[in-house]
Number of protein chains: 2
Amino acid sequence: MFNKQELIDFCNNARENFLSHISIDCVVFGFHEGQLKVLVLKMKNEGSWYLPGGFVLKNEPIDEAANRILKDRTGLDEIFLQQFHVFGDPERSRPHNEMYKDYLPPAENWFANRFLTIGYYALVDFVHVNPTPDSHSELCAWYDLADMPNMELDHATILKTALDTLRLQLNYQPIGYNLMPKEFTMPELQKLYETILNQKLDRRNFQRRMLAFGILNRSEQPRKGGAHKAPFLYSFDLDNYQNALKEGLKGGW
Amino acid sequence: MFNKQELIDFCNNARENFLSHISIDCVVFGFHEGQLKVLVLKMKNEGSWYLPGGFVLKNEPIDEAANRILKDRTGLDEIFLQQFHVFGDPERSRPHNEMYKDYLPPAENWFANRFLTIGYYALVDFVHVNPTPDSHSELCAWYDLADMPNMELDHATILKTALDTLRLQLNYQPIGYNLMPKEFTMPELQKLYETILNQKLDRRNFQRRMLAFGILNRSEQPRKGGAHKAPFLYSFDLDNYQNALKEGLKGGW
DNA sequence: GCACTTGGTGTATTAATAACACAATAGTAT
DNA sequence: ATACTATTGTGTTATTAATACACCAAGTGC
């Protein structure tokens, strides 16, 4: 990925500015055309795939670090972000530790260190994201959850853990505001839940339950133009939504 | 807490053996005489209070580190331990960063670094714990959750977050095996739940629900000798318990 | 025996979840 | 225009889970 000079510059910069031994990796979920998508990066030359990640500045809160990293990859600010697990096996970064060993001795090679990584997951509105590769990578792109490329290191595990966390959170948190466009139909929202949970839900029961949460506003106008019956448009009631985030919902799927 | 020579020795040892910038803090919950207890340490001289904590060896998985730290404080091995949050505000360890600044310049002073701390909570059987202070502390002792001393740094926040996590987990995990003695009565188990949730539960409904989980075995013999009617003794069915840990329970409190 | 405390069990009520059927609408094909 | 079809909206019933509540049993102290 790096040539020697790039590596030396990167390592000098990293040693000076970042906390050692700590990285952040992000699982960015988007939702588009009925599919749950995940943002991945393709390493230059190597061609291997990674989750977007980075390091923590020496005087930066970790949540801000995650935000900064994702702003670089998506163009978005104020992303819905949640820390979910620390991956701390000393073997986890072993494949990386060997990298560049011909270029730089371990003491100077940032990548020769052991790294704990803090896993964050993010929920974003697909259409607002402008996928942008970082300096190591040649490509930043969405992949269908059902069709992910093989990822390096433990990134597949990180993704799985993020998804498990998201599924659990569905039980006591409203989810959707960050993944859906401003206005959406009930069947679209249902598709999101079905995709996350990977199971079919009953249309009528879903609607009743969702409305009972009291976090949706129904628009005056249905969506015209499509084939078939015009569905109502809904948007989230932000006040009630925020409140539900704090208070939690009851019941589970 | 340390005199100068102790400090120098500690720092030399720490720099050589531990990952920098990372610490682990543990909230150890025990249950005794109807009270939820938390293990705390009292710093030498200073007299301030802390949660048990420590650092991660350079080649040690973080779960093992937490286990090692707790073995030192409790004498127990194979503790039920769960990582629950990383506290990563750069201000969080500020009060410590000033410590010993007259003894050692920042570059050599381990405590002058910024530390992220990984929060773990542990559930242990109170009577098996042998509280043991570490080298910084003069005392290691149980405190009632309702009667905790003021703790340094963000340790009160860490405790609160651990408790919130524990309460949430009650919704989809069996809890008790690690906190209760081998055999216990239903009212005793109920007291545990009531203490964690900080609310009264209905005796009869609690029993029905608990039994419905299918993780309890009722002993042939009731507990004799006490005053009043002899209660049945229960123990956890470990197979079903482990399975429930994996599969999750349904419903919430 | 009698009062009192603690523990065990059952039943009626209410709320939540799951299962299911039919009517309305906007396009498409003829 | 008419029938057809896919899709959305809504209501009703059955099942299951949660809650509230009342009685009986066993041991202690008097």
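Values below: every heavy atom of this structure, side chains too, minus hydrogens, waters and symmetry copies. The chains referred to below are lettered A, B, ... by the order of the sequence lines, with proteins before strands, and numbering in each begins at 1.
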- Grab the CZ-C1' distance between B:R223 and D:dG27 for me, whole Å please. 15 Å

- Take the angle between the ring planes of B:F184 and B:F236 and call it parallel below 30°, perpendicular above 60°, tilted in between. tilted

- Message: Just the rounded figure in Å: distance from C1' of D:dA18 to CE of B:M210.
- Response: 16 Å

- Quick one: salt bridge (charged side-chain N to carboxylate O under 4.0 Å, His left out) pairs with a partner in residues 187-200 of chain A, sequence neighbours left out? A:E188-A:R223, A:E194-A:K200

- Please, which pairs that meet salt bridge (charged side-chain N to carboxylate O under 4.0 Å, His left out) have at least one residue in residues 72-82 of chain A, sequence neighbours excluded? A:K71-A:D77

- Query: Can you tell me how far C1' of C:dT6 sits from NZ of B:K191, to the nearest Å?
  - Reply: 15 Å

- Message: I'd like to check the side-chain contact (heavy atoms from CB on, under 4.5 Å) partners of A:H228; sequence neighbours left out, ordered by chain and number.
- Response: none

- ring pair (Phe, Tyr, Trp, His ring centres under 6.0 Å) pairs, two or more places apart, involving residues 141-165 of chain A: A:W49-A:Y143, A:Y50-A:H155, A:F126-A:W142

- Once you round it to whole Å, what is the distance between C1' of C:dT6 and CZ of B:F206? 16 Å

- Message: Checking A:N198 now: which residues fulfil side-chain contact (heavy atoms from CB on, under 4.5 Å) with it, not counting sequence neighbours?
- Response: A:R167

- Note on the structure: Given protein heavy atoms under 4.0 Å, the one-letter contact record of nucleotides 4-12 of chain D, with B base, S sugar-phosphate only and - none, is simply --BBBBBBB

- Return the value, rounded to whole Å, for the distance between atom CG of B:N171 and atom P of D:dA17. 17 Å

